[in-house]
Colleague: 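One structure, pasted below without further comment.
Since the structure is predicted, the reported quantities are computational estimates derived from the model, not experimental observations. Here is how names work: the chains are called A, B, and so on, in the same order as the sequence lines, proteins then strands, and each is numbered from 1.
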Number of protein chains: 2
Amino acid sequence: MPYSYEYPHPAVTADVIVFSIIEGRLNVVLIRRAAEPFKDCWALPGGFVQMDEDLKAGARRELAEEAGISPDQLAGLPFFQIGAYGHPDRDPRERVITVAFATLVPMDRVSLVASTDAAEVQWFPLDDLPPLAFDHATILSDARAALARMVETRLTDEATAVFAFLPEAFTLAQAQSVFEIVKGQDLDKRNFRKWIDANWEIEDLKRKTTGGRHRPAALFRLVGLKAG
Amino acid sequence: MPYSYEYPHPAVTADVIVFSIIEGRLNVVLIRRAAEPFKDCWALPGGFVQMDEDLKAGARRELAEEAGISPDQLAGLPFFQIGAYGHPDRDPRERVITVAFATLVPMDRVSLVASTDAAEVQWFPLDDLPPLAFDHATILSDARAALARMVETRLTDEATAVFAFLPEAFTLAQAQSVFEIVKGQDLDKRNFRKWIDANWEIEDLKRKTTGGRHRPAALFRLVGLKAG
DNA sequence: CCAAAAGTGTTGGAACTACACCCATGA
DNA sequence: TCATGGGTGTAGTTCCAACACTTTTGG
């Protein structure tokens, strides 16, 4: 036991909620725990923060180790803190305080989730979750609430992060579907189109989707928020 | 050194931003540090979380110890988490991760702040702060941003907490001034009155202010958010 | 030619903004 | 009677919600 302190210290972990959209539903990455406590139970990827790394860096490192998602695969994607969770008995081993982060991965890159070592890693639809270890159900529901708050009316700048769910080149129908899923309510097609180009600078890529047996859709790229 | 662990553990502290409104300006409680590091520097009240207490409970306990504000004086007031701060070198002594909380105290109860022991405790206007210890300036600015977000247009339910700045019985002019200060912009008197009674249930206490050398103002009490 | 999704404007209501005068009190 | 802050309504604008048909492609 080489690490000694004059006063007791809690352990600190960082957990990550990885959101994406798969087949029209919000999904998250869970891993099956290989060790006690909660062995074989599903949990958020995460683990102990090292002494010389920032909380966010620790979260990214654990995400790479446990879910095979490397920090450079997440370059440019939102990665934000949800909060700290520290009920004294949330972990049966010892006092563990966890700091939760969330990230949003594009719907065309969900395959970047890969099992490493023996760990089982899997996407789960948010509305069909298995029982979760620790207080991860609470953390997840807070993260879901944070996501929903980003797209509340009139908070257009916070909503920018939600575009991370979309591929680099997206159709307006895809964009609408993403906002519908995050908000949890259906939107009117024409109103959505008016709203998106009143609020965002989107570049028309002058390309069309192909292959669908229907009229092709124009592809766009997000440039940024409109000034004003 | 009686507390030993197999792996290194950081220390965890809880800090509290106590906001109030004094003479028409947002203020916060700071304490002058009695010990190194940052001895004699001003800092947020806070301290080490004990192993058997919740983060929020630890924050409240430290607030009582360092600023003389007891938990039962805060009963019924908002007390919410701002976030966790854990840059590896934010504390020169050892790795210290802090979880920041904020609370809003009514403008007629600012006197509950009292020095204890040798600690100097004082209200500071937010726009005239001394240099702060650690990364407390960052934390404070995040807390200020969280407060501002509560009163963004259309988020009426989050704005409820802001009423905590007001006395139990308040005039509409006081309420308007509180919202102006939190938002950082002037509001139109008639529009504000329409808005407040479109959105909140406020009870007319059938009493008036006295003593001002002008027309007395009607006193109200917040009942809650209007349904719908 | 049929199925499927893309694309496109107008109208009515609600919410927000701007704006100016009289009232009740204490000194 | 004067200084001070309290109290009140209307009109223009902007924003939001509801709503249906035509177009383009692949099979």
Colleague: Answer yes when A:D127 and A:R25 have at least one side-chain N-carboxylate O distance shorter than 4.0 Å, and no when they do not.
Modeller: yes
Colleague: To the nearest Å, how far apart are A:W195 CH2 and D:dT14 C1'?
Modeller: 17 Å
Colleague: Looking only at the aromatic ring of each residue, does the gap between the centers of A:F101 and A:F80 stay below 6.0 angstrom?
Modeller: no
Colleague: Are B:E203 and B:R221 close enough for a salt bridge, meaning some N to O gap below 4.0 Å?
Modeller: yes
Colleague: Which of the following nucleotides, D:dG5, C:dC16, D:dT25, is nearest to the side chain of B:H214?
Modeller: D:dG5
Colleague: Using a heavy-atom distance cut-off of less than 4.0 Å, which residues of residues 200-210 of chain B contact DNA chain D?
Modeller: none
Colleague: Check whether the side chain of A:K194 and the base of C:dT8 form a donor-acceptor pair under 3.5 Å.
Modeller: no
Colleague: Classify B:A198 by what it touches in the nucleic acid, base, sugar-phosphate, or nothing, heavy-atom distance under 4.0 Å.
Modeller: nothing
Colleague: Roughly, in whole Å, what's the span from CG in B:L219 to C1' in D:dG7?
Modeller: 14 Å
Colleague: Say whether, by atom type as modelled, one donor and one acceptor occur between the side chain of B:T98 and the main chain of B:T13 under 3.5 angstrom.
Modeller: yes
Colleague: Without decimals, in angstroms, what is the distance between B:I196 CD1 and C:dC16 C1'?
Modeller: 16 Å
Colleague: Please report, rounded to the nearest Å, how far the P atom of D:dA17 is from the CZ atom of A:R193.
Modeller: 18 Å
Colleague: Between B:L172 and A:G212, which is nearer to the 5' end of DNA chain D once each is assigned its nearest nucleotide?
Modeller: B:L172
Colleague: May I ask you to verify whether the side chain of B:R190 and the base of C:dA20 hold a donor-acceptor pair under 3.5 Å?
Modeller: yes
Colleague: Can you identify which nucleotide, out of D:dT23, C:dA27, D:dC16, has its nearest atom closest to the A:R215 side chain?
Modeller: D:dT23
Colleague: So, is B:R154 near the phosphate of C:dC16, with a side-chain N or O under 4.0 Å from OP1 or OP2?
Modeller: yes
Colleague: Using heavy-atom distances to pick each residue's nearest nucleotide on DNA chain C, tell me which of A:R213 and A:N191 is more 5'.
Modeller: A:R213
Colleague: CZ of A:F192 versus P of D:dC16: gap in Å, rounded?
Modeller: 14 Å
Colleague: For A:F179 and A:F163, take the angle between the two ring planes, folded into 0 to 90°, and tell me which bin it lands in: parallel under 30, tilted 30 to 60, perpendicular over 60.
Modeller: perpendicular
